[in-house]
Novice: 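Questions regarding the structure given below will be posed in turn.
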Number of protein chains: 2
Amino acid sequence: MDQTIIIADDHPLLLKGLKEFLNENGMNIIGEAPNGVQAMHLIETLKPDLAILDLEMPGMTGLEIAKHCQSKKLDTSIILLTLHKEVYIFHEAKNLNISGYLLKEFATEELLNCIQKVLSGQSYFSKKLLMNDAEDRNSLTGNLTPSEIKILRLIALGSSTKEIAEKLFIAERTVDKHRSNIINKLQLDKKHNALLIWAQKNKKIIF
Amino acid sequence: MDQTIIIADDHPLLLKGLKEFLNENGMNIIGEAPNGVQAMHLIETLKPDLAILDLEMPGMTGLEIAKHCQSKKLDTSIILLTLHKEVYIFHEAKNLNISGYLLKEFATEELLNCIQKVLSGQSYFSKKLLMNDAEDRNSLTGNLTPSEIKILRLIALGSSTKEIAEKLFIAERTVDKHRSNIINKLQLDKKHNALLIWAQKNKKIIF
DNA sequence: TGCGCCATACGTATTTACACCTATTTTATT
DNA sequence: AATAAAATAGGTGTAAATACGTATGGCGCA
């Protein structure tokens with residue numbers, strides 16, 4: 001493998017383990033960073049083929065790095081490593097240049113496979129991230145209609161009513177009405193931002 | 001160092017990093033385990049001088065292992081590694097045979113120091129765990145005035161401007177002004193609810 | 001066929017959140 | 001004692017979120 005890789009993680013032991021593991025498997029690691037800001041800098045200066053990033057890092061998360069790369073039109077492929085099952089990332093990944101997403105827990109089992117796929121232009125997302133919490137989800141969002149769920153997700157991602165309307169090509173008032181219905185179905189307080197707060201808190205469930 | 005060590009962590013990359021790091025520093029690792037149950041088994045069979053354990057592991061947590069060791073009167077010293085600042089462990093440690101407690105985040109910086117102390121019979125608890133998130137907090141909320149922090153906390157708890165004004169016996173406009181100042185200091189997007197979302201996300205830091 | 005659910009859309013009104021501005025009083029710090 | 005910083009308060013304006021209505025077309029199911 002002559003393709004270049006950088007890695008970033010704020011946990012030094014994990015960074016070390018990752019580096020050793022990749023080296024043992026013949027990968028060409030040209031840079032490593034202990035936080036998101038430095039990782040971004042490495043990507044900009046070294047322009048590696050692949051960046052393997054921790055999702056949660058101080059300064060800049062792996063997700064934010066992906067967004068920056070996209071807006072700066074850098075063609076570094078990105079694999080995210082995460083500790084917890086943040087399923088919502090999977091959905092964001094569609095709009096971003098994220099090619100892989102793995103749990104650290106299973107990293108060695110799947111990492112090589114993932115890297116190979118990504119370096120050959122494909123993408124790889126750990127199935128273990130997808131098949132979970134089906135129960136929680138149903139108990140909470142089972143009553144919601146498909147449109148309502150769509151809107152709820154956009155709210156969770158930080159979109160305003162206006163933005164949602166634009167994205168879904170429907171009227172703001174319609175979105176408004178859906179919000180209202182969602183609030184009723186979830187029996188939220190009739191308080192300002194109650195829906196927003198709920199969506200933020202329950203990100204993991206609604207995706 | 002001829003004293004024997006076993007290590008356990010459910011994250012394979014971290015376990016690898018830890019092993020390499022300790023080997024490089026001349027430690028004598030006689031066993032490693034990917035979960036708590038196997039770690040306990042290693043301790044019972046190999047009777048190492050020291051066990052370096054992840055706090056959160058499937059099957060048996062580092063804390064449970066410590067309890068077992070105590071009840072079985074094994075004199076293996078125990079160092080716990082943790083990802084998150086679970087300060088409550090520190091208080092439990094007094095009643096258990098836990099000799100060290102470190103954040104993975106700072107592990108390399110302090111780990112050798114900690115191991116030396118523990119192997120020589122002393123104990124070592126990361127100060128970063130005690131004087132809590134003082135750094136994180138300062139880096140993020142250090143510029144904030146006491147009033148601003150008060151208000152930020154109320155926002156995180158879901159209070160509206162009106163409610164905050166009532167609780168603090170000040171005018172709504174004053175609260176408004178503080179919100180504005182907080183947003184500026186934290187350099188948040190000038191977007192609706194940006195402050196609310198930030199406060200929700202960073203609950204752990206501002207309290 | 002008709003009933004009900006859903007998505008769509010619009011109107012009106014209220015409450016919040018925030019920007020940008022000024023100004024006074026209190027409290028610290030030097 | 002003087003200067004700086006913080007807390008307080010207010011004005012004006014915009015955008016957003018929600019409540020509470022009504023209304024229509026589509027679609028499935030009894």
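Just so you know, these numbers use all the heavy atoms, side chains as well, and skip hydrogens, waters and symmetry mates. By convention in this document, chain letters (A, B, ...) are assigned in the order of the sequence lines, proteins followed by strands, and residues within each chain are numbered from 1.
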Novice: Listed by chain and number, what are the side-chain contact (heavy atoms from CB on, under 4.5 Å) partners of A:Gln122, not counting sequence neighbours?
Specialist: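 A:Gln122 satisfies side-chain contact (heavy atoms from CB on, under 4.5 Å) with A:Lys117, A:Ser120 once adjacent residues are dropped.
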Novice: side-chain contact (heavy atoms from CB on, under 4.5 Å) with B:Ser159: which residues, sequence neighbours excluded?
Specialist: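 Testing B:Ser159 for side-chain contact (heavy atoms from CB on, under 4.5 Å), a comparison that skips the adjacent residues, returns B:Leu154, B:Glu163, B:Ile164, B:Lys167.
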Novice: Could you list the residues that satisfy side chain to side chain donor-acceptor pair (under 3.5 Å) with B:His11, not counting sequence neighbours?
Specialist: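 Once residues adjacent in sequence are excluded, the partners of B:His11 under the side chain to side chain donor-acceptor pair (under 3.5 Å) criterion are B:Asp9.
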Novice: Of all residues at least two apart in sequence or in a different chain, which pass the side chain to side chain donor-acceptor pair (under 3.5 Å) check with A:Ser147?
Specialist: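 Side chain to side chain donor-acceptor pair (under 3.5 Å) check on A:Ser147 returns nothing, list empty.
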Novice: On DNA chain D, compare the nucleotides closest to B:Thr174 and B:Asn193; which residue's is nearer the 5' end?
Specialist: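 Result: B:Thr174.
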Novice: Estimate the overall bend of the helix from C:dT1-D:dA30 to C:dT30-D:dA1 from the end axes over five pairs each, rounded to 10 degrees.
Specialist: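 Roughly 50°, once rounded to the nearest ten degrees.
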Novice: Going by heavy atoms closer than 4.0 Å, what residues in residues 163-171 of chain B are next to DNA chain D?
Specialist: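 By residue number: B:Ile170, B:Ala171.
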Novice: Of all the choices, D:dT8, C:dC18, C:dT12, which nucleotide is nearest to the side chain of A:Arg173 once you look at every atom?
Specialist: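 In terms of side-chain proximity for A:Arg173, the closest of D:dT8, C:dC18, C:dT12 is C:dT12.
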Novice: Apply side chain to side chain donor-acceptor pair (under 3.5 Å) to A:Glu20 and list each qualifying residue two or more places apart in sequence or on a separate chain.
Specialist: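 Listed in chain order: nothing, the list is empty.
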Novice: Going by side-chain contact (heavy atoms from CB on, under 4.5 Å), name the residues that satisfy it together with B:Lys162, two or more places apart in sequence or in a different chain.
Specialist: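 In terms of side-chain contact (heavy atoms from CB on, under 4.5 Å), with neighbours along the sequence ignored, B:Lys162 is linked to B:Ser160, B:Glu166, B:Glu172.
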Novice: Determine whether B:Ile29 and B:Leu18 satisfy the following criterion, side-chain contact (heavy atoms from CB on, under 4.5 Å), listing intermediate values before the conclusion.
Specialist: CA-CA 10 Å; B:Ile29 298 171; B:Leu18 179 59; over 6 Å; no
Novice: Could I get the full list of side chain to side chain donor-acceptor pair (under 3.5 Å) partners for B:Asn181, not counting sequence neighbours?
Specialist: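 Scan of B:Asn181 (side chain to side chain donor-acceptor pair (under 3.5 Å), adjacent residues dropped) gives B:Lys177.
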Novice: Listing time: all N or O pairs from protein to nucleotides 13-15 of chain D that are below 3.5 Å?
Specialist:
residue	atom	partner	partner atom	Å
D:dA15	N3	B:His192	NE2	3.1

Novice: Got a list of protein N/O to nucleotides 23-28 of chain C N/O distances below 3.5 Å?
Specialist:
none

Novice: Just jot down the side-chain contact (heavy atoms from CB on, under 4.5 Å) partners of A:Ile170, sequence neighbours excluded, or say none.
Specialist: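 Once residues adjacent in sequence are excluded, the partners of A:Ile170 under the side-chain contact (heavy atoms from CB on, under 4.5 Å) criterion are A:Leu168, A:Thr174, A:Val175.
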Novice: Less than 4.5 Å apart, side chain to side chain, heavy atoms only: is that true for A:Leu55 and A:Leu81?
Specialist: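 No. Closest side-chain heavy atoms not under 4.5 Å.
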